[in-house]
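Shown next, in structure tokens, is the structure this report addresses.
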Amino acid sequence: MAEASPGRKLQELRSRYIAGLPDRMGELRDSWNRLVHVSWNPKALEFMHQGAHKLTGSGATFQFPEISNTARILEDQLQALLAKSDATSTERQQIENSLKALEGAIEEASRASLNTEIAAFVSKADVRKRQAYRIAVIEDDESQAAHLKNWLEQQGYSAETFKDPDTYSQRTDGHVYQLILLDISFPQGALEGIGWLERMKCQSGTNTPVIMMSARSDMVARMRALRAGANIYLTKPIDMGILEKRIHQLLESAPSAKPRVLWVDDDTDLLAYYNAMLSEEGYEVEGLSQPVRVLERIGKFQPDVIVLDHDMPGCQGMELAKVLRQDANYMTIPILFVSASPKSRELLEQHSIAGNDFFQKPLDNELFLSSLHRHLTNAKLIAARINLVSQRKESRSLQNHDYFLTELVDLLARVESDQEDQIHYLIQANVDRQAYLRAQHGARAMAKLNARMEKHFAEQLAAGDSGCALGGGSFLFRITTPAADDGKTCLEHFHHTLNNAAWALENAPDPVTLSLGALTLNHTVDEDKALIEVEKACHKAMQSGSNSLVWQQAPERSPESKLDDRIKELVAEQAFKLYYQPIVNMETDHTVFEAQVRLVGDDNAVYLPWQFLPCLPQSDRGPFYELDRWVIQQAVNSLALLEGKASASHSVCIKLSSPMVDVERLLTLLSTTMRSARIRGERRIYLALSCPTVLKDVPKAKKIVNLVREMGCGLIIEHVDTAAASAELLKELNSVDFVKLVPTLGASAQQTPVLEDLLHQLKVALNSSQKIVVTGVEDAKALSWFWERGIRNFQGYFIQEPKGAMSYEL
């Protein structure tokens with residue numbers, strides 16, 4: 001059967017859309033009748049809002065602009081009611097009028113002529129060029145998704161639709177997409193698309209461009225989408241002409257981002273063959289027949305994966321792998337070994353954190369390509385995990401982004417109680433004319449410049465300062481100066497320090513400069529406000545001209561009360577909030593989210609436990625009992641609210657501050673709360689106890705361990721140090737799932753024989769190295785040291801509010 005013409009496909013989709021309009025209108029009318037005549041139900045109201053939102057975005061797409069216009073009015077009216085318990089008589093009449101107007105627009109559409117075929121023409125040359133691009137459409141409106149898929153295929157692209165972000169994340173076919181078209185609103189939430197994009201960009205380190213689509217045209221939605229990592233924001237109904245230009249801008253004008261493979265083999269004929277094979281599969285390949293030059297070529301080529309012949313003159317592949325493992329820049333590069341000798345497999349060891357594999361010559365091409373793809377994907381995940389659990393890449397480098405933000409939160413929490421002899425500044429630095437430089441010199445040249453800047457900036461920071469790279473020529477810094485110094489002079493000096501290296505791109509005559517935005521930090525801003533304000537200041541600096549500085553002072557808080565009084569008021573109101581810090585297994589998907597309690601004010605100021613614990617009221621069972629009760633209830637409920645894949649795979653760790661005698665009483669509450677929340681499965685809840693606290697009452701601890709086991713929960717002993725009593729305690733308890741080392745033990749790559757001995761004792765006591773958790777890892781080299789000793793569980797600095805963290809996927 002002949003395939004339908006592109007215009008005919010569009011016509012069929014338009015006809016299907018028109019046929020479905022009465023049902024859509026019926027659902028809106030039924031929901032409204034239930035709201036008015038039965039009960040004011042928030043779920044029914046949200047359902048109506050979602051239905052109006054979809055019509056707003058789809059009407060004009062199928063050439064019915066009046067449907068979009070009337071649906072938008074209804075959507076805005078419903079949006080205003082979402083936060084209300086009921087509607088006034090005036091508001092009800094307005095919605096009734098809007099429903100009638102929408103019914104009229106739909107009736108008019110149903111009577112529309114369906115005989116006009118929608119033309120679409122793309123040259124055969126463009127179609128052939130675009131066939132290499134795969135585009136994912138994440139859209140829950142089936143008509144919209146089908147229309148976009150058909151249109152993209154007319155343009156020559158390969159397209160696939162997904163009903164929501166989770167469906168996209170759970171795909172198993174291993175396909176790589178060069179672009180994502182992402183809706184902003186899904187049944188899971190009005191801004192679910194933005195939340196998912198934030199998590200995807202942060203966790204997997206992906207650079208896949210994203211076009212965000214939404215019927216919302218407000219600036220809040222636009223800014224949140226762009227800050228989450230969207231490249232372009234388009235309002236629905238989509239103007240297909242603009243969409244075509246934006247896709248061309250992101251894909252066809254962008255430099256190639258093919259995975260890079262360095263293949264080292266002394267057989268030049270085989271190298272030529274491997275080069276041709278991988279190039280045909282879309283890889284960028286460089287062959288090297290002189291193994292002694294491999295380090296030089298790695299530095300210049302920056303491969304994503306290395307393939308080594310195991311047996312080469314003057315150099316064994318395994319020896320070379322060990323050398324690469326010692327460098328933080330190359331430790332996450334997968335290494336695949338090939339050899340004509342089957343005995344070489346027996347020598348294979350775990351030398352790359354991202355994994356190794358072995359293949360015997362002659363290669364099974366299909367098997368090799370499958371392994372290559374799998375290891376490249378795993379390497380991205382491992383690199384993202386390292387960023388989550390370590391402070392920085394190397395001992396003399398800028399901090400990882402998550403660690404920098406966590407430290408910023410801590411600083412803002414204590415800045416009010418600090419002595420007034422220091423001033424703290426948050427600074428954002430951006431390379432001027434970034435888009436022009438990238439277009440003129442390419443992404444690779446910009447990446448090399450970014451790396452040189454990172455190294456230089458790390459060397460220039462004073463002992464009390466810190467910084468992180470945001471990517472794309474953007475950096476964040478926090479600097480501290482004496483209060484007696486002139487702020488303007490200090491900031492201008494720092495600006496000069498960043499620019500004094502006379503930055504330039506290779507073979508480019510014009511100098512590269514940075515513009516800075518600076519914000520004075522005080523207790524009136526939380527981390528989100530601080531980041532937004534410093535970003536605005538930096539943007540102003542870049543607009544005012546290259547190499548500029550804009551300094552913004554934070555507003556002063558009105559002196560209505562002192563810090564201690566405010567904290568006491570918030571404690572009395574139980575203004576607590578749970579945040580989660582994951583314990584990540586670097587090899588598997590297993591993650592335990594450790595619940596951490598914070599005190600949060602109406603102005604979003606965050607207070608840490610050391611600030612509010614002394615203000616807890618005394619009771620018959622001590623000051624911590626009621627707080628521990630609150631933590632148990634909130635942590636279990638947050639786990640119970642999860643849906644989908646996360647509901648079965650995530651676990652929560654609950655830390656209790658009460659003495660052992662009260663912990664036993666709290667277990668009854670934990671058991672009751674778990675039953676009420678219907679938590680299913682073993683080890684969904686872990687109880688964390690401090691080693692020093694347990695040592696004070698070991699008999700009681702043994703009883704608690706038995707009770708925890710009977711409840712189906714897990715047990716974590718934390719704050720384990722090199723004292724002999726720690727290992728002896730674990731032997732006596734004899735039933736521990738994890739032990740967490742004190743942070744100081746993970747903070748340096750210069751590990752000691754005492755630490756070696758502790759790890760050995762813990763492995764014997766636990767009968768496994770997989771049960772040891774390292775915290776406070778300073779850099780990737782320190783992580784590598786623990787990795788070589790079988791440690792796979794690390795806890796880093798990635799802390800979020802419950803909804804974001806509990807939806808976290810590596």
Practice item. Starting at CG of Asn400, measure out to SG of Cys468 and round the result to the nearest 0.5 Å. Key: 8.5 Å

Check your understanding: Hey, is the main chain of Leu514 close enough, under 3.5 Å, to the side chain of His495 for a donor-acceptor pair?
Key -> yes

Check your understanding: Should the pair Arg297-Glu286 be classified as a salt bridge under the 4.0 Å nitrogen-to-oxygen rule?
Key -> yes

Exercise for review: Would you indicate whether the side-chain heavy atoms of Phe186 and Trp196 approach each other to under 4.5 Å?
Suggested key: no

Exercise for review: Flag the pair Leu181 / Ile135 as yes when at least one side-chain heavy-atom distance between them is below 4.5 Å, and no otherwise.
Suggested key: yes

Check your understanding: Does a donor on one side chain sit under 3.5 Å from an acceptor on the other, for Gln596 and Gln581?
Key -> yes

Study note, to complete from the structure: Looking only at heavy atoms, the pair that brings Ile184 and Ser214 closest together is CG2-OG, 2.8 Å

Point to revise | Over all atoms of both residues, closest heavy-atom pair of Gly193 and Leu182 | key: O-CD2, 3.5 Å

Practice item. Would you mind reporting whether Leu521 and Leu411 have side-chain heavy atoms less than 4.5 Å apart? Key: yes

Review point. How far apart are the closest heavy atoms of Pro334 and Asp304, and which atoms are they?
Key: CD-O, 3.2 Å

Check your understanding: Looking at CH2 of Trp503 and NE2 of His456, how far apart are the two atoms once the value is rounded to the nearest 0.5 Å?
Key -> 5.0 Å

Review point. So do the side chains of Ile479 and Leu426 get within less than 4.5 Å of each other, counting heavy atoms only?
Key: no

Exercise for review: Search all heavy atoms of Cys490 against all heavy atoms of Asp485 and return the closest pair with its distance.
Suggested key: SG-CB, 3.5 Å

**Study point:** Ion pair check, Glu535 and Lys540, cut-off under 4.0 Å
**Key:** no

Check your understanding: Is a side-chain donor-acceptor pair under 3.5 Å present for His496 with Glu492?
Key -> no

**Study point:** Evaluation steps, side-chain contact (heavy atoms from CB on, under 4.5 Å), between Gln795 and Val774
**Key:** CA-CA 6 Å; Gln795 184 170 30; Val774 178; over 6 Å; no

Check your understanding: Given the rule in the side-chain contact (heavy atoms from CB on, under 4.5 Å) test, do Val512 and Met453 qualify, once you have shown the distances and angles that lead to the verdict?
Key -> CA-CA 11 Å; Val512 175; Met453 285 182 167; 4.2 Å; yes

**Study point:** Residue list, side chain to side chain donor-acceptor pair (under 3.5 Å) with Thr513, at least two apart or on another chain
**Key:** Asp432

Check your understanding: Hey, is the main chain of Asn793 close enough, under 3.5 Å, to the side chain of Asn585 for a donor-acceptor pair?
Key -> no

Review point. Are any of the side-chain heavy atoms of Gln611 and Ile567 separated by less than 4.5 Å?
Key: yes

Check your understanding: Which value, rounded to the nearest 0.5 Å, describes the distance between Leu449 atom CG and Glu454 atom CD?
Key -> 10.5 Å

**Study point:** Side-chain donor/acceptor of Asp486 to backbone N/O of Thr489, under 3.5 Å
**Key:** yes

Check your understanding: Are any side-chain N or O atoms of Ser169 and backbone N or O atoms of Pro165, one a donor and one an acceptor, separated by less than 3.5 Å?
Key -> yes

**Study point:** Ser466 versus Phe404, closest heavy-atom pair with distance
**Key:** OG-CE1, 3.6 Å

Review point. Between OG of Ser397 and CD of Glu459, what distance do you get to the nearest 0.5 Å?
Key: 10.5 Å

Point to revise | Over 12 foreign heavy atoms within 6.0 Å of NE2, His493 | key: no

Point to revise | Contacts of type ring-ring contact (aromatic ring centres under 6.0 Å, His included), residue Phe576, not counting sequence neighbours | key: Phe612, Trp630

Review point. Any side-chain heavy atom of Leu519 within less than 4.5 Å of one from Tyr425?
Key: no

Exercise for review: Given side-chain contact (heavy atoms from CB on, under 4.5 Å), test Ile180 with Leu197 step by step and report yes or no.
Suggested key: CA-CA 10 Å; Ile180 297 173; Leu197 180 59; over 6 Å; no

**Study point:** cation_pi(Arg792, Trp787) dist<6.0 Å, angle<=45
**Key:** yes

Exercise for review: With side-chain contact (heavy atoms from CB on, under 4.5 Å) as the test, would you mind laying out the steps for Val777 and Tyr403 before giving the verdict?
Suggested key: CA-CA 11 Å; Val777 177; Tyr403 178 76; over 6 Å; no

**Study point:** Test side-chain contact (heavy atoms from CB on, under 4.5 Å) applied to Pro303 and Val261, Val285, Ile298, the passing residue
**Key:** Ile298

Review point. Counting N and O atoms only, with roles assigned by atom type, does the side chain of Arg260 sit under 3.5 Å from a partner on the main chain of Phe301, one being a donor and the other an acceptor?
Key: yes

Check your understanding: Any sub-3.5 Å donor-acceptor pair from Arg246's side-chain atoms to Ile211's backbone N or O?
Key -> no

Check your understanding: Are Tyr168 and Tyr177 an aromatic pair by the rule of ring centers under 6.0 Å?
Key -> yes

Check your understanding: Looking only at atom types and distance, does a side-chain atom of Ser548 sit under 3.5 Å from a main-chain N or O of Met542, one as donor and one as acceptor?
Key -> no

Check your understanding: Where the side chain of Thr775 meets the backbone of Leu741, is there a donor-acceptor pair that is under 3.5 Å apart?
Key -> yes

Review point. Considering all heavy atoms of both residues, which atom of Ala782 and which atom of Gly746 are nearest to each other, and what is their separation?
Key: CB-O, 4.2 Å

Review point. Does the side chain of Asp465 reach to within under 4.5 Å of the side chain of Phe477, using non-hydrogen atoms?
Key: no

Check your understanding: Hey, what do you get for OG (Ser515) to NE2 (His539), rounding to the nearest 0.5 Å?
Key -> 11.5 Å

Check your understanding: Is the backbone N or O of Pro482 less than 3.5 Å from a side-chain atom of Gln422, with the two atoms forming a donor-acceptor pair by type?
Key -> no

**Study point:** Glu533 and Gln552: CA distance, side-chain angles, deciding distance, side chain to side chain donor-acceptor pair (under 3.5 Å) verdict
**Key:** CA-CA 8 Å; Glu533 292 303 317; Gln552 183 171 333; 2.6 Å; yes

Review point. Roughly how far, to the nearest 0.5 Å, is the CG atom of Leu516 from the CZ atom of Phe494?
Key: 6.5 Å

Check your understanding: Do Asp183 and Met212 have side-chain heavy atoms sitting under 4.5 Å apart?
Key -> no

